[in-house]
Amino acid sequence: MDYQFKDIEKKWQQFWADHQTFKAEDKTTKPKYYVLDMFPYPSGAGLHVGHPLGYIASDIFARYKRLKGFNVLHPMGYDSFGLPAEQYAIQTGQHPAITTEANIATYRRQLDQIGFSFDWSREVRTSSPGYYKWTQWIFMQLFNSWYNKDADKAESIAKLVSHFEQNGSAGINAVCDEEILSFTAAQWKAMSNQEQQAELLKYRLTYLRESTVNWCPALGTVLANDEVKDGFSERGGYPVEQKKMMQWSMRITAYADRLLQGLDTIDWPEPLKEMQRNWIGKSVGASVKFPIDNAANIKSLTTNHYIEVFTTRVDTIFGVTFLVIAPEHELVDVLTTPAQKADIEAYITKTKKKSELERMADAKTVSGAFTGSYVLNPLNGEKVQIWIADYVLAGYGTGAVMAVPSGDQRDYLFAKYFNLPIVPIIDLQKIDIEADPTKEGKYINSDFINGLTYKEATAAVVAKLEAIGAGKAKVNFRMRDAIFGRQRYWGEPVPVYFKDELPYLIEESHLPLVLPEVDKYLPTESGEPPLARATGWNYKPHPNPTRKGGLSEQAANYRETADPVYYEQLKEFSQAHRNQPTEAENILWQLLRNNQSGHKIRRQHSIGQFIADFVSLQKGLVIELDGHHHKLNKEADDARTEVLNHFGFTVIKFTNDEVLENPTGIVEKIKLKLDSLPDRDKTLLSGDADSEVKVSPTGGDLEGADAFEYELSTMPGWAGSSWYWYRYMDANNDHEFASKEAIAYWKDVDLYIGGSEHATGHLLYSRFWNKFLKDMNLVVEEEPFKKLINQGMIQGRSNFVYRLIDELGRGTNTFVSYGLSKQYQTSPLHVDVNIVENDVLNIDKFKKWREEYANAEFILEGGKYICGVEVEKMSKSKFNVVNPDDLIERYGADTLRMYEMFLGPLEQSKPWNTNGIEGVFKFLRKFWRLFHNDAWEFTVLNEEPTKAELKSLHKIIRKVEEDIDRFSFNTSVSSFMIAVNELTDLKCNKRSILQDMVTILSPYAPHICEELWVLLGNEAGTLSYAPYPKFNAAYLIEDEFAYPISINGKTKMNLSISLSLEPKDIEASVLANADVQKYLDGKAPKKVIVVKGRIVNIVL
RNA sequence: GCUCAGAUGGUGGAACUGGUAGACACGCAGGACUUAAAAUCCUGUUCCCGUAAACGGAGUGCGGGUUCGAUUCCCGCUCUGAGUACCA
């Protein structure tokens, strides 16, 4: 048979799913290898052709590692909390869980048909309670920790408390807030609990802090910087104001230095590391205190009698001619003299109108105002003017800068503008037209460092400052603590409640804190986050619903209807089902939970010996969802219905497809049914007569006088993705985020593939959480991702048609081919790339594409309509989106996989272009044909292979090994083509050669290889774990080599010479050659270079 | 401005440590098979001069340098892409 990719691919995808072929082992003697793709957000648009690029590369690598004898962990899951689903929910009222579920289903279908070897038994979703329970748990660990600088690691807050109790605040060297109290042990003990908690919050690794946000009252939400344009929201154009807000923050700055150091230990692309280094922004310098002149006479100057600055060029301190402080600086009022008051106030008013972004963006205009006061240079006592200017930001460093106009361009412009002195401080400085920040040369005008070099001067100045107590060497980081709260609905609830305005953790046994239902996904009218809409959602820490005097209510309730004989077993089953719901079950559950139908619905609840998918105990209605399983067991199913009827239950059934197509319609039907039913007769189920149906309490609906408010903001998008690689190690663990054994075995990710857009977000936060978990002894590695590869972005490639324009500038219905378009007046229009092949427009399809083109006319070149081309972002509006589904339909997954790799180096960005895909498809067909005769009958011989055949095989064995090791997948695809071309020329159909070829090719094109593997007589499913063929260099040894003979470095001809000859003999043999003599033209060569096995070069 | 990456035929790209530039594929041109088309197969295809061909010259963004020999190493520049920014 010809190569039937559709049947083959369907068959093997089903086989892998049925046999769990790629399930990673937990207990094995094999070495481990963990290959991970960056967590996808399941967007509504589904996969486009750019997404699978990295997944295909990682899949090839994973499959290759299996062949090489590794136990490979290659999981996939979804970062399923996020803004798009919430936006959609706001617009349509559709629960984000449902949208997300549907999107995941699309993703899964698309991923499956590309033939990835994921271990789906470990799938995780950040939005499922079973997952975010542990995100919340890690949050709790961060809350319960502080950073001990002396130990250089995070420690338990209990340890800090015991230190306070014994020694007070003395001797603590922590990363913490700036305004901490100093106290003795006795004073600590005398504090109220509330005072103590308030103080501890200043140390916790996650803490509440007031921060400024872009608040949009009209939208009732906080906007990111890039959602604000010129003081108005990008969406809707409503005014945006700066608002202070209490926000959860993560003390990532505690880890700044370790995050920086760690970069040297990991194998990541250099540009990516550089980005992180810049982001962390470590600068080594000094802090210097400038005493305020005449401080004693300034009224209300109570605290500091100096202004502190941070500088990276402390060596330039003698060039300081003025000081600039931020307009918001706390000392501005105090320092402003009466004469300057009007100026300063006017300037501050002006500044207030600018956003922080605008202040940073405007680099050209120089502005500022003099306060009228002075500081003294601590090293020479010179009087220095104090100015305010908006280029200095209060939030950065100390909010003050020492200005050195000779060395800093910004200070230079400022000094020129306001006529302030500019003092050169280095002899080589050239400062006639601009500042010169050089470090070369010797110092001048600089007191005791005159004549010194940069290094000497810096050391001398720091030493002097320290000696007189006016400053010290200091390291500053650009990175700030990360805000960890979002005023959104679709995210993890923060496991915190408030008592007397202070945050406390909920009890661990109450995790997960489940996201409550709300009527709308919008902020409240008073501007509170959407969670404030949840009715009765508050926390009551006690009494603890544990089973002191018997069963908890929930458990009792469960036992109520369960057959006692099977109780334990049933409980286990239903728990497992709840943790792994099907798509349809999950969607339906989101719509039925929390009495949304007006009735209490339970899921996976046991009745007799059975487990019902959903049940209302009150009404006795069982709702069953049918998958394939039930269809196959019609008899058993009917029997079950009969028994349930007997117990007084009504059973209604829906298929999964019905639920997926129209979930709300199904819910309507269920409601109608429930309303029409009388209450169930409870006497029918044995032992059930006098038990009372109670609504079981969840963490959410506890009632009581002393219930407390939960935190109403949710966690940001990066929370769930900051630890997910550990969950894959032990994805179904109910007791821990991952077991100690699993973590000890899998340790870290060996290969991580994804885009560089995550450089300063996900990849930095993940490293931070990982280091924290390491400090807590919960994980074993300091760095989570040992090796990282950035896949390049796939850009779109747009096609254009050129519409003829008439004399009046109006568009006509005539289109000019690209090559002729310059001879006419035309305007280019995007045309759908899917009706263009190799830049030739399919005219029939074009006419059908849009009604208005039905009668279009064309001016052709060479009988064809050629389209113009441009590289742009891939987007629907540009009609350049290529969907993998279409390509798989036409060519199959194996072709798509190989073509995406063939496109070029993985790391490089490139425009998507389907032009070459035919070649890859032809290659696979040619490969298939090696195993078949002219009549397409499978024909493979058991003959001994020839030398030439063995050479082809071993060349490719080695080539693919080398290429995969350096992630050069495109070159290995080319090599496969060469090998198959060679074997075709040799008419090779020898089993020993072809079977090895199948193994080598299988990571790239797994479906066709599985099929051929079985045709060759091997057991189905064994290919994925077959040993990779062993390379034997002996087959590649050559006796002769065609030496290129060059004259003065220009190749003139080739001469075959035995490789056993030594350079001296080669030279003699070359010079004796008649053709060479012709080139020499009787002249004696000056020099002859011979490199054995490489080249001969004759210099004349 | 700074940091990083890149620039090779009509196109995607190859050349791994300085040693035959353009592998492999697309496209294009010509041919075979066919009533025809599709599919398939064969041949050619860096540019220029010349041309039946041999042959000759130029050539890896631009200008220099090191070397017997440079796409590869060094110096200077241009352009493209990514990140980042009054960060003290």
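Only heavy atoms go into these numbers, but all of them, side chains included; no hydrogens, no water, no symmetry mates. In what follows, chains carry the letters A, B, and so on, assigned in the order in which the sequence lines appear, proteins first and then strands, with residues in each chain numbered from 1.
- In plain terms, the two heavy atoms of A:Arg277 and A:Leu263 that are nearest each other are CG-CD1, 3.6 Å.
- In the set B:C86, B:U40, B:A25, B:U40 carries the atom at the smallest distance from any side-chain atom of A:Arg925.
- Of all nucleotides present, none satisfies the Watson-Crick or G-U wobble test against B:A36 with each distance under 3.5 Å.
- Between A:Lys922 and B:C26 there is a side-chain polar atom (N or O) within less than 4.0 angstrom of OP1 or OP2.
- In this structure, B:G9 forms no base pair with any nucleotide, since neither Watson-Crick nor G-U wobble geometry is met with both distances under 3.5 Å.
- Using a 4.0 Å heavy-atom distance criterion, A:Thr311 is classed as a sugar-phosphate-only contact.
- With a cut-off of 3.5 Å on both pairing distances, B:U17 has no Watson-Crick or G-U wobble partner at all.
- Between the P atom of B:A82 and the CD1 atom of A:Ile794 lies a distance of 15 Å, rounded to the nearest Å.
- Residue A:Phe902 is classed as a base contact, given a heavy-atom separation below 4.0 Å to a base.
- Using a 4.0 Å heavy-atom distance criterion, A:Asp408 is classed as making no nucleic acid contact.
- If you take CD1 of A:Ile1047 and P of B:G56, they are 11 Å apart, rounded to a whole angstrom.
- When the C1' atom is used for both B:G13 and B:A7, the distance is 13 Å, rounded to whole Å.
- Separating the C1' atom of B:C24 from that of B:U8 is a span of 15 Å, rounded to the nearest Å.
- RNA chain B is contacted by both A:Val973 and A:Lys1087; A:Val973 maps to the nucleotide lying nearer its 5′ end (nearest heavy atom per residue).
- The two atoms that bring A:Leu1071 and A:Pro1085 nearest to each other are CD2-CG, 4.1 Å, heavy atoms only.
- Here the closest non-hydrogen pair linking A:Ser972 and A:Asp963 is N-OD2, 3.1 Å.
- Taking atom CG on A:Asn915 and atom P on B:G13, their separation rounds to 12 Å, with Å as the unit.
- Taking every heavy atom of both residues into account, A:Leu331 and A:Tyr306 meet most closely at CD1-O, 4.2 Å.
- Under the side chain to side chain contact (heavy atoms under 4.5 Å, CB included) criterion, A:Ala415 pairs with A:Phe322, A:Pro405, A:Leu420, A:Ile422, sequence neighbours left out.
- Rounded to an integer number of Å, the gap from CG of A:Asn278 to P of B:C4 is 9 Å.
- If you measure from atom CD of A:Glu918 to atom C1' of B:A39, you get 11 Å, rounded to the nearest angstrom.
- Remark: C1' of B:C24 and CZ of A:Phe921 are 19 Å apart, rounded to the nearest angstrom.
- The P atoms of B:G1 and B:A58 are separated by 38 Å, rounded to the nearest whole Å.
- In this structure B:A82 sits in a base pair with B:U3, meeting the Watson-Crick or G-U test at under 3.5 Å.
- Aromatic ring pairs are classed by plane angle as parallel below 30°, tilted from 30° to 60° and perpendicular above 60°; the pair A:Phe927 and A:Phe923 is parallel.
- Proximity of A:Tyr3 to A:Leu924: side-chain heavy atoms (C-beta onward) are separated by under 4.5 Å at one or more points.
- Because its NZ or CZ atom is both nearer than 6.0 Å to the ring centre of A:Trp268 and within 45° of the ring axis, A:Arg767 counts as a cation-pi partner of that residue.
- The aromatic rings of A:Phe418 and A:Phe414 sit tilted relative to each other, their planes meeting at an angle between 30° and 60°.
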Counting primed atoms, P, OP1 and OP2 as sugar-phosphate and everything else as base, the B/S/- map of nucleotides 14-19 of chain B against protein heavy atoms under 4.0 Å is SSB--B
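- Computed from coordinates, the A:Trp912 CH2 to B:C26 C1' distance equals 13 Å when rounded to whole Å.
- Comparing the same atom, P, in B:G10 and in B:A23 gives a spacing of 14 Å after rounding to whole Å.
- Distance check on atom P: B:G6 versus B:U40 gives 37 Å, rounded to whole Å.
- Proximity note for A:Val392 (side chain, C-beta onward) versus B:A25, B:A88, B:A85: the nearest is B:A88.
- Counting only residues at least two apart or in different chains, salt bridge (charged side-chain N to carboxylate O under 4.0 Å, His left out) contacts with residues 913-933 of chain A comprise A:Asp2-A:Arg925.
- Rounded to the nearest Å, the gap between the P atom of B:G9 and that of B:C47 is 11 Å.
- Across the protein-nucleic acid pair, A:Ile1098 atom CD1 and B:U20 atom P stand 16 Å apart, rounded to whole Å.
- B:G13: glycosidic angle beyond 90° from 0, hence anti.
- The gap from the P atom of B:A70 to that of B:C62 amounts to 15 Å, rounded to the nearest Å.
- Judged by closest nucleotide on RNA chain B, A:Asn981 is the one of A:Thr760 and A:Asn981 placed further toward the 5' end.
- Neither OP1 nor OP2 of B:U40 sits under 4.0 Å from any side-chain N or O of A:Arg929.
- Remark: B:C47 base-pairs with B:G57; criterion is Watson-Crick or G-U wobble with both hydrogen-bond distances under 3.5 Å.
- Going from the P atom of B:G57 to that of B:C4 covers 42 Å, rounded to whole Å.
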